[in-house]
Amino acid sequence: MSRAGICPYLFGPVNGSRHDATLLRRSKIIEILHDVCRGGPYAWQGQGLNEDFRLFGDSAYPLGSFLYRMYKGVLAAWQAAFNADMSPERVTAEWGFCKIVALWPYLDYRKKHKILLSPVGRIFPVGNVLTNMHICLSKGSAISCRYGMFPPSLEAYMAGGPY
(Lines give C-alpha, C1' and ligand atoms only; values in the text may rest on other atoms or scores of the structure.)
Protein backbone atom coordinates (compact mmCIF):
# COMPACT_ATOMS: atom_id res chain seq x y z
CA MET A 1 0.00 0.00 0.00
CA SER A 2 1.40 3.35 -0.93
CA ARG A 3 1.28 6.32 1.40
CA ALA A 4 -1.11 7.94 -1.05
CA GLY A 5 -3.60 5.26 -0.04
CA ILE A 6 -3.69 3.33 -3.29
CA CYS A 7 -2.27 -0.12 -3.94
CA PRO A 8 -0.14 0.28 -7.06
CA TYR A 9 1.13 -3.31 -7.31
CA LEU A 10 -0.82 -6.44 -6.60
CA PHE A 11 0.91 -9.82 -6.86
CA GLY A 12 -0.82 -13.16 -6.99
CA PRO A 13 -2.70 -15.35 -6.67
CA VAL A 14 -0.26 -17.73 -5.03
CA ASN A 15 -0.80 -20.92 -3.07
CA GLY A 16 -1.06 -19.96 0.60
CA SER A 17 1.41 -22.64 1.68
CA ARG A 18 4.33 -20.76 0.08
CA HIS A 19 6.88 -19.14 2.39
CA ASP A 20 6.94 -15.34 2.57
CA ALA A 21 10.50 -15.26 1.23
CA THR A 22 9.39 -17.23 -1.85
CA LEU A 23 6.56 -14.79 -2.46
CA LEU A 24 8.92 -11.85 -2.06
CA ARG A 25 11.31 -13.30 -4.63
CA ARG A 26 8.58 -14.23 -7.11
CA SER A 27 6.85 -10.86 -6.87
CA LYS A 28 10.03 -8.99 -7.87
CA ILE A 29 8.78 -6.14 -5.68
CA ILE A 30 12.30 -5.27 -4.49
CA GLU A 31 13.55 -4.96 -8.08
CA ILE A 32 10.48 -2.95 -9.02
CA LEU A 33 10.88 -0.59 -6.05
CA HIS A 34 14.59 -0.15 -6.87
CA ASP A 35 13.75 0.80 -10.46
CA VAL A 36 10.89 3.10 -9.47
CA CYS A 37 13.19 4.92 -7.05
CA ARG A 38 16.39 4.99 -9.09
CA GLY A 39 15.39 4.26 -12.68
CA GLY A 40 15.42 1.09 -14.70
CA PRO A 41 13.20 -1.19 -16.76
CA TYR A 42 10.30 -1.15 -14.27
CA ALA A 43 10.31 2.66 -13.89
CA TRP A 44 8.01 5.00 -15.78
CA GLN A 45 9.81 5.56 -19.11
CA GLY A 46 13.01 4.37 -17.41
CA GLN A 47 13.12 7.40 -15.12
CA GLY A 48 13.32 6.99 -11.35
CA LEU A 49 11.73 9.18 -8.71
CA ASN A 50 15.18 10.24 -7.43
CA GLU A 51 14.00 9.41 -3.92
CA ASP A 52 14.34 6.11 -2.09
CA PHE A 53 11.35 4.48 -0.48
CA ARG A 54 11.37 1.38 1.72
CA LEU A 55 9.03 -1.51 2.27
CA PHE A 56 8.40 -2.72 5.78
CA GLY A 57 7.67 -6.36 6.47
CA ASP A 58 7.61 -8.79 9.32
CA SER A 59 10.65 -10.64 10.59
CA ALA A 60 10.29 -13.44 8.00
CA TYR A 61 11.76 -11.12 5.37
CA PRO A 62 15.47 -10.40 4.92
CA LEU A 63 16.86 -6.94 5.62
CA GLY A 64 17.88 -5.03 2.53
CA SER A 65 18.36 -1.59 1.01
CA PHE A 66 14.67 -1.35 0.14
CA LEU A 67 13.21 -3.64 2.80
CA TYR A 68 13.17 -3.10 6.55
CA ARG A 69 11.71 -5.47 9.10
CA MET A 70 11.22 -5.84 12.81
CA TYR A 71 14.27 -6.92 14.77
CA LYS A 72 14.09 -10.18 16.65
CA GLY A 73 16.07 -11.94 19.36
CA VAL A 74 18.04 -10.08 22.03
CA LEU A 75 17.63 -6.43 21.11
CA ALA A 76 19.76 -3.38 21.65
CA ALA A 77 17.89 -0.35 22.96
CA TRP A 78 17.79 1.29 19.52
CA GLN A 79 16.38 -1.92 17.96
CA ALA A 80 13.65 -2.12 20.61
CA ALA A 81 12.82 1.56 19.98
CA PHE A 82 12.69 0.93 16.22
CA ASN A 83 10.31 -2.02 16.75
CA ALA A 84 8.10 0.05 19.06
CA ASP A 85 7.95 2.92 16.55
CA MET A 86 7.28 0.71 13.54
CA SER A 87 4.83 -1.76 15.06
CA PRO A 88 1.77 0.50 14.59
CA GLU A 89 2.84 1.20 11.00
CA ARG A 90 2.43 -2.46 10.08
CA VAL A 91 -1.28 -2.19 10.77
CA THR A 92 -1.77 0.45 8.06
CA ALA A 93 -0.89 -2.12 5.39
CA GLU A 94 -4.01 -4.06 6.33
CA TRP A 95 -6.24 -1.01 5.95
CA GLY A 96 -6.04 -1.27 2.17
CA PHE A 97 -7.36 -4.81 2.17
CA CYS A 98 -10.08 -3.81 4.61
CA LYS A 99 -11.11 -1.01 2.25
CA ILE A 100 -11.35 -3.42 -0.70
CA VAL A 101 -13.56 -5.81 1.27
CA ALA A 102 -15.67 -2.93 2.65
CA LEU A 103 -16.35 -1.63 -0.86
CA TRP A 104 -16.71 -5.04 -2.51
CA PRO A 105 -18.01 -7.52 0.14
CA TYR A 106 -18.12 -10.34 -2.39
CA LEU A 107 -14.29 -10.44 -2.26
CA ASP A 108 -14.17 -11.31 1.43
CA TYR A 109 -12.53 -14.74 1.88
CA ARG A 110 -15.21 -15.63 4.41
CA LYS A 111 -17.64 -15.84 1.52
CA LYS A 112 -16.20 -19.31 1.00
CA HIS A 113 -14.16 -18.66 -2.14
CA LYS A 114 -12.21 -21.76 -3.06
CA ILE A 115 -9.06 -22.08 -5.12
CA LEU A 116 -9.80 -23.56 -8.55
CA LEU A 117 -13.55 -23.19 -7.94
CA SER A 118 -13.81 -19.39 -7.58
CA PRO A 119 -12.05 -16.95 -9.92
CA VAL A 120 -10.43 -15.06 -7.02
CA GLY A 121 -7.25 -14.49 -9.05
CA ARG A 122 -9.29 -12.60 -11.63
CA ILE A 123 -11.76 -10.73 -9.46
CA PHE A 124 -9.54 -9.48 -6.62
CA PRO A 125 -7.30 -7.39 -8.94
CA VAL A 126 -10.44 -5.81 -10.39
CA GLY A 127 -11.57 -4.94 -6.86
CA ASN A 128 -8.12 -3.44 -6.22
CA VAL A 129 -8.26 -1.20 -9.31
CA LEU A 130 -11.84 -0.13 -8.56
CA THR A 131 -10.83 0.66 -4.97
CA ASN A 132 -7.88 2.75 -6.22
CA MET A 133 -10.29 4.62 -8.51
CA HIS A 134 -12.67 5.18 -5.59
CA ILE A 135 -9.81 6.57 -3.48
CA CYS A 136 -8.78 8.92 -6.30
CA LEU A 137 -12.35 10.17 -6.70
CA SER A 138 -12.91 10.61 -2.97
CA LYS A 139 -9.61 12.50 -2.60
CA GLY A 140 -8.05 10.12 -0.16
CA SER A 141 -8.39 7.39 2.40
CA ALA A 142 -7.44 6.70 6.00
CA ILE A 143 -3.92 5.86 4.82
CA SER A 144 -3.42 9.03 2.80
CA CYS A 145 -4.74 11.11 5.69
CA ARG A 146 -2.43 9.27 8.12
CA TYR A 147 0.64 10.19 6.08
CA GLY A 148 -0.48 13.54 4.66
CA MET A 149 -0.09 12.37 1.06
CA PHE A 150 -3.03 12.33 -1.26
CA PRO A 151 -3.78 10.20 -4.30
CA PRO A 152 -3.52 11.40 -7.87
CA SER A 153 -6.47 12.53 -9.91
CA LEU A 154 -8.42 9.72 -11.54
CA GLU A 155 -7.07 10.81 -14.90
CA ALA A 156 -3.44 10.58 -13.72
CA TYR A 157 -4.07 7.19 -12.10
CA MET A 158 -5.72 5.80 -15.23
CA ALA A 159 -2.89 7.16 -17.43
CA GLY A 160 -0.50 4.99 -15.40
CA GLY A 161 2.17 7.64 -15.14
CA PRO A 162 4.11 8.76 -12.12
CA TYR A 163 2.07 10.53 -9.49
Side-chain angles (χ1 to χ4, degrees), residues 1-103 107-110 113 115 120-121 124-129 131-132 135-136 140-152 156-157 160-163:
M1 184 63 58
S2 78
R3 286 186 173 198
I6 61 173
C7 182
Y9 181 70
L10 195 61
F11 174 73
V14 179
N15 185 324
S17 66
R18 299 289 182 186
H19 191 276
D20 288 350
T22 301
L23 299 179
L24 180 69
R25 187 184 75 254
R26 284 187 180 178
S27 73
K28 298 185 181 191
I29 190 68
I30 300 298
E31 292 90 348
I32 292 168
L33 183 58
H34 173 275
D35 288 356
V36 166
C37 292
R38 298 190 181 167
Y42 291 111
W44 175 256
Q45 299 180 344
Q47 300 297 310
L49 297 174
N50 297 321
E51 182 178 0
D52 282 352
F53 291 90
R54 308 285 188 284
L55 298 173
F56 185 75
D58 63 27
S59 58
Y61 295 111
L63 284 170
S65 306
F66 292 93
L67 180 62
Y68 290 169
R69 64 173 170 84
M70 302 288 267
Y71 291 98
K72 55 186 175 180
V74 178
L75 304 178
W78 68 271
Q79 292 170 321
F82 177 85
N83 284 358
D85 287 346
M86 293 304 291
S87 186
E89 302 302 322
R90 292 179 59 204
V91 174
T92 61
E94 303 301 324
W95 293 351
F97 296 107
C98 292
K99 177 111 177 153
I100 291 172
V101 171
L103 289 172
L107 297 177
D108 191 345
Y109 73 91
R110 289 171 280 192
H113 291 294
I115 300 295
V120 176
F124 198 85
V126 172
N128 182 69
V129 170
T131 300
N132 287 346
I135 290 168
C136 291
S141 67
I143 295 170
S144 60
C145 291
R146 166 83 167 88
Y147 294 105
M149 298 179 75
F150 296 93
Y157 172 73
Y163 31 81

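Residues: numbered from 1 along the sequence shown.
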**Asked** Who are the side-chain contact (heavy atoms from CB on, under 4.5 Å) partners of P125, not counting sequence neighbours?
**Response** L10

**Asked** By side-chain hydrogen bond (donor to acceptor under 3.5 Å, both in side chains), which residues pair with Y9, not counting sequence neighbours?
**Response** none

**Request:** Looking only at non-hydrogen atoms, find the nearest pair between M86 and F56 and report the distance.
**Result:** CB-CZ, 3.4 Å

**Item:** Pairing residues for Q47 by the side-chain contact (heavy atoms from CB on, under 4.5 Å) criterion, not counting sequence neighbours
**Value:** none

**Prompt:** Does S65 offer a backbone N or O that forms a donor-acceptor pair with the side chain of R54 under 3.5 Å?
**Reply:** yes

**Request:** Look at the side chain of N132 and the backbone N and O of C7, then say whether any donor-acceptor pair between them is shorter than 3.5 Å.
**Result:** yes

**Asked** So which heavy atom on C37 is nearest to which on F53, and how close?
**Response** SG-N, 3.3 Å

**Prompt:** Could you walk me through whether L55 and I30 pass the side chain to side chain contact (heavy atoms under 4.5 Å, CB included) check?
**Reply:** CA-CA 8 Å; L55 298 173; I30 300 298; 3.9 Å; yes

**Message:** I'd like to check the side-chain hydrogen bond (donor to acceptor under 3.5 Å, both in side chains) partners of R25; sequence neighbours left out, ordered by chain and number.
**Reply:** none

**Message:** Can you list everything that forms a side-chain contact (heavy atoms from CB on, under 4.5 Å) with V129? Sequence neighbours excluded, please.
**Reply:** M133, Y157

**Prompt:** Residues two or more places apart in sequence or in another chain: which of them pass ring pair (Phe, Tyr, Trp, His ring centres under 6.0 Å) with Y61?
**Reply:** none

**By side-chain contact (heavy atoms from CB on, under 4.5 Å) - contacts of A76 (at least two apart)** = W78, Q79

**Request:** For side chain to side chain contact (heavy atoms under 4.5 Å, CB included), just list the numbers for K99 and I135, CA-CA rounded to whole Å, side-chain angles, deciding distance to a tenth of an Å, and then say yes or no.
**Result:** CA-CA 10 Å; K99 177 111 177 153; I135 290 168; 3.9 Å; yes

**Prompt:** Do V126 and L107 come close enough that some side-chain heavy atom pair is under 4.5 Å?
**Reply:** no

**Message:** Looking at every heavy atom in both S144 and M149, which two are closest together, and how far apart are they?
**Reply:** CB-O, 2.7 Å

**Item:** Rounded distance (nearest 0.5 Å) linking atom CG of L33 with atom OG of S27
**Value:** 10.5 Å

**Residue pair I6 / P8: nearest heavy atoms and the distance that separates them** = O-CD, 3.1 Å

**Prompt:** Given the side-chain rings of F82 and Y71, with only the six-membered ring counted for Trp, is the space between their centroids under 6.0 Å?
**Reply:** yes

**Message:** Any heavy-atom pair between the side chains of I100 and F124 that's under 4.5 Å?
**Reply:** yes

**Message:** As an exercise, state the distance from OG of S141 to CZ of F150, rounded to the nearest 0.5 Å.
**Reply:** 9.0 Å

**Request:** Please report the closest heavy-atom contact between P41 and D35, naming both atoms and the distance.
**Result:** CD-OD2, 3.2 Å

**Item:** Donor-acceptor contact present, side-chain S87 to main-chain A84, <3.5 Å
**Value:** no

**Fill in**
Applying ring pair (Phe, Tyr, Trp, His ring centres under 6.0 Å) to F11 and not counting sequence neighbours gives none

**Request:** Please examine the side chains of H34 and Y42, heavy atoms only from C-beta on, and report whether any two atoms are closer than 4.5 Å.
**Result:** no

**Request:** Only counting residues at least two apart or in another chain, list the ones meeting salt bridge (charged side-chain N to carboxylate O under 4.0 Å, His left out) with R38.
**Result:** D52

